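In this text, all values refer to a predicted model and were calculated from it rather than measured experimentally. Proteins get letters first, then strands, A, B, ... in listed order; numbering begins at 1 in each.
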2 protein chains.
Amino acid sequence: MEEKRYRLVQNFLKLQIQKGNFVVGSYLPSENELCTMFGVTRTTVRKGLDELTREGFIDRQHGKGSIVRDRRKSLGLLNVKGFSEAVGKDLSTVFVQHPKISLWNPDTHFAISEQEFKEKCIHFSRLRCVYEVPVMIEYNWFADNRLEGFSDIDFIEGSFFKTLSQHYHIEITGSEHELRSERVSNDIAALLKIPQGSPILHISVKFHTSKNNFFLYSELYCTTENYPIGSSYHL
Amino acid sequence: MEEKRYRLVQNFLKLQIQKGNFVVGSYLPSENELCTMFGVTRTTVRKGLDELTREGFIDRQHGKGSIVRDRRKSLGLLNVKGFSEAVGKDLSTVFVQHPKISLWNPDTHFAISEQEFKEKCIHFSRLRCVYEVPVMIEYNWFADNRLEGFSDIDFIEGSFFKTLSQHYHIEITGSEHELRSERVSNDIAALLKIPQGSPILHISVKFHTSKNNFFLYSELYCTTENYPIGSSYHL
DNA sequence: TATTTTTACTTGTACGTACAAGATTAAATA
DNA sequence: TATTTAATCTTGTACGTACAAGTAAAAATA
């Protein structure tokens, strides 16, 4: 049961991207260079690059090369709209609860597997602000004993996903969402500094990852009055 | 400037699927059969099939063949949750406004191009019900003179997308969403039979299509109390 | 010098071949 | 007859070759 050759190319390049050895915007070695590096033909190298393209890691440019993408932008994830993509300084994040061992969310909307329920759980929650004004609170749960020494690690550029990728080489492979419009609870109204009973967007998310049976569960509460939540999907 | 050969294979098969000559769940001709049909090698046929897979039209099954998928399920479109996928009889749809020439939506959230604005616009709106109880109202706009004789055609199985695909061979290639939680307006509250001022999920959508510069604009208002809106995305 | 042409590099398309591996049916065997 | 084996489909991987087409820099030309 040998590994397929195009997987070797694919996984090698993926790891280099995850570790930051190939940064976003830079070009990968040319197909011919990869051929000699791995001792395979262009057919095989191209198959590996095709897979990386499908996974959103790279873009191919005819006549130029394969360029490393910001994968988050290719995933169709939710984002706060009305905000320039580039600047992160206007969007600040405050930990309401730092990562710690906790109980599983009792009223999660996505079914947690028995296996997960037996394990301990890490929970953290964060308040997302735009110009110091809270716009979203985010509660996150995931199975412990899957990420070694997680709580000690500072988030890379404040991004949970980036930390998962660069430290653990775990990528988001898909997600399920449930959208609800509700009256805000008093607790959350206080945190978000909005009037009690205001309408609020409640999003339940189950993220699927490249690590087997490892999922991330989130409950998001968003005040969408000034900054709606955006998402996009393209073939 | 000849068309690429793998595109011939791809587009031929796509058209057959769109026209219903290959129904969902059936198998396409084998790769070798396609080779003789088009007088090309397997490399070329496989490239065409790869593209169809990427577009969500087929699934490949090792040792068996390529099976036709229900593309809507592969698109990550929004759907009413808590509902078995198969049965459509519990979900009824009522036209509030049949398709007719109309003005463009004055307060759309997505910018309409000048080109579109010059053209006339077709508008229709529908009320979606679960067990006769309204759960969503949907307003749709798109440029006229792009779909010949649209208003006369009955929707195939009540589906706008299916009609676009089978009659016009136009497919959805992507979408942009904006999500808001609002207090319901009095008009919509009456239509949905909910109390005035209830929280409601407002979704603005811009669909991208395979037809150049042809977009679909929708505004959805959903009561999510009993049936949340679901969406999913997988690599 | 400024422009055009050539050259060299890149990825894209397409050919052909061979064998591996999964799925299914037919034939051989217990 | 029931089970096992073999044959024969299918798609998957991988080899090698050739040329088209896009890009960019070097060389030739005005």
Side-chain angles (χ1 to χ4, degrees), chain A residues 1-14 16-17 21-69 71 74 173 234-235, chain B residues 1-14 16-17 21-69 71 74 173 234-235:
Chain A
M1 165 101 183
E2 293 173 353
E3 193 162 16
K4 289 151 196 166
R5 298 195 190 210
Y6 76 84
R7 293 282 183 204
L8 290 177
V9 180
Q10 175 188 352
N11 290 331
F12 169 80
L13 291 172
K14 189 189 294 183
Q16 298 305 312
I17 294 170
N21 296 348
F22 295 125
V23 298
V24 170
S26 66
Y27 285 92
L28 296 183
S30 77
E31 295 178 358
N32 282 321
E33 285 175 303
L34 291 169
C35 289
T36 54
M37 281 170 65
F38 288 90
V40 297
T41 55
R42 251 186 88 207
T43 315
T44 306
V45 163
R46 281 181 66 79
K47 173 76 174 166
L49 293 173
D50 281 347
E51 291 294 303
L52 288 174
T53 304
R54 196 182 53 80
E55 291 181 302
F57 285 96
I58 61 169
D59 263 343
R60 319 283 292 274
Q61 297 179 349
H62 190 178
K64 295 188 74 175
S66 298
I67 196 167
V68 179
R69 289 181 72 171
R71 191 163 173 279
S74 65
T173 57
H234 289 278
L235 225 77
Chain B
M1 165 104 181
E2 293 174 351
E3 195 163 15
K4 290 152 196 167
R5 299 196 188 205
Y6 76 84
R7 292 281 183 206
L8 290 176
V9 180
Q10 175 189 353
N11 291 331
F12 170 81
L13 292 172
K14 189 189 294 184
Q16 297 306 312
I17 293 170
N21 295 349
F22 295 126
V23 298
V24 171
S26 65
Y27 285 93
L28 296 183
S30 76
E31 296 179 358
N32 282 321
E33 286 175 303
L34 291 168
C35 288
T36 55
M37 281 169 67
F38 287 91
V40 296
T41 55
R42 252 186 88 208
T43 315
T44 306
V45 164
R46 283 181 66 78
K47 173 76 175 167
L49 293 173
D50 280 347
E51 291 294 303
L52 289 173
T53 305
R54 194 182 54 79
E55 291 181 302
F57 285 96
I58 62 170
D59 264 342
R60 319 282 292 274
Q61 297 178 347
H62 190 177
K64 294 187 76 176
S66 298
I67 196 168
V68 179
R69 289 182 74 171
R71 190 163 175 280
S74 65
T173 57
H234 290 278
L235 225 76

Look only at the side chain of R69(B) and the backbone of T53(B), and say whether a donor-acceptor pair between them is shorter than 3.5 Å. no

Quick one: D59(A) CG to dG22(D) P, roughly how many Å, whole number? 18 Å

Between G65(B) and T43(A), who's closer to the 5' end of DNA chain D by nearest nucleotide? G65(B)

Excluding sequence neighbours, so at least two apart, what forms salt bridge (charged side-chain N to carboxylate O under 4.0 Å, His left out) with R60(A)? E31(A), D50(A)

Under 4.0 Å from OP1 or OP2 of dT13(D): is there any side-chain N or O of R7(A) that close? no

Any donor-acceptor N/O pair, R5(B) side chain to G48(B) backbone, under 3.5 Å: no

Looking at K4(A), does any N or O in its side chain come under 4.0 Å of the phosphate oxygens OP1/OP2 on dG12(D)? no

Does a nitrogen or oxygen in the side chain of Y6(A) sit under 4.0 Å from OP1 or OP2 of dT13(D)? yes

Which atoms of nucleotides 5-8 of chain D (N or O only) lie under 3.5 Å from a protein N or O atom, and what are those distances?
none

Can you list the steps and then say if L8(A) with V40(A) is a side-chain contact (heavy atoms from CB on, under 4.5 Å)? CA-CA 10 Å; L8(A) 290 177; V40(A) 297; over 6 Å; no

Does the side chain of R46(B) get closer than 4.0 angstrom to OP1 or OP2 of dG12(D) through an N or O atom? yes

Give the C-alpha distance, both sets of side-chain angles, the deciding distance and a yes or no for side-chain contact (heavy atoms from CB on, under 4.5 Å) between I58(B) and I17(B). CA-CA 10 Å; I58(B) 62 170; I17(B) 293 170; 4.1 Å; yes

Inter- and intrachain pairs under ring-ring contact (aromatic ring centres under 6.0 Å, His included), touching residues 23-50 of chain A, at least two apart: F12(A)-F38(A)

From the set dC15(C), dT11(C), dT11(D), return the single nucleotide nearest to any side-chain atom of R60(B). dT11(D)

I want to verify a distance call: between dA14(D), dT11(C), dC15(C), whose nearest atom is closest to the T41(B) side chain? dC15(C)

So what does S30(B) touch, heavy atoms closer than 4.0 Å: a base, only the sugar-phosphate, or nothing? sugar-phosphate

Taking only N/O atoms, report every protein-nucleotides 18-21 of chain C pair under 3.5 Å with atom names and distance.
residue: dA21(C); atom: N3; partner: H62(B); partner atom: NE2; Å: 3.4

Contacting residues from residues 47-58 of chain B, given that a heavy atom lies under 4.0 angstrom of DNA chain D: none

From the options dG12(C), dG16(D), dA24(D), select the nucleotide whose nearest atom is closest to the side chain of E31(A). dG12(C)

Mind checking side-chain hydrogen bond (donor to acceptor under 3.5 Å, both in side chains) for E51(B) and listing every partner two or more places apart, or none if nothing turns up? R54(B)

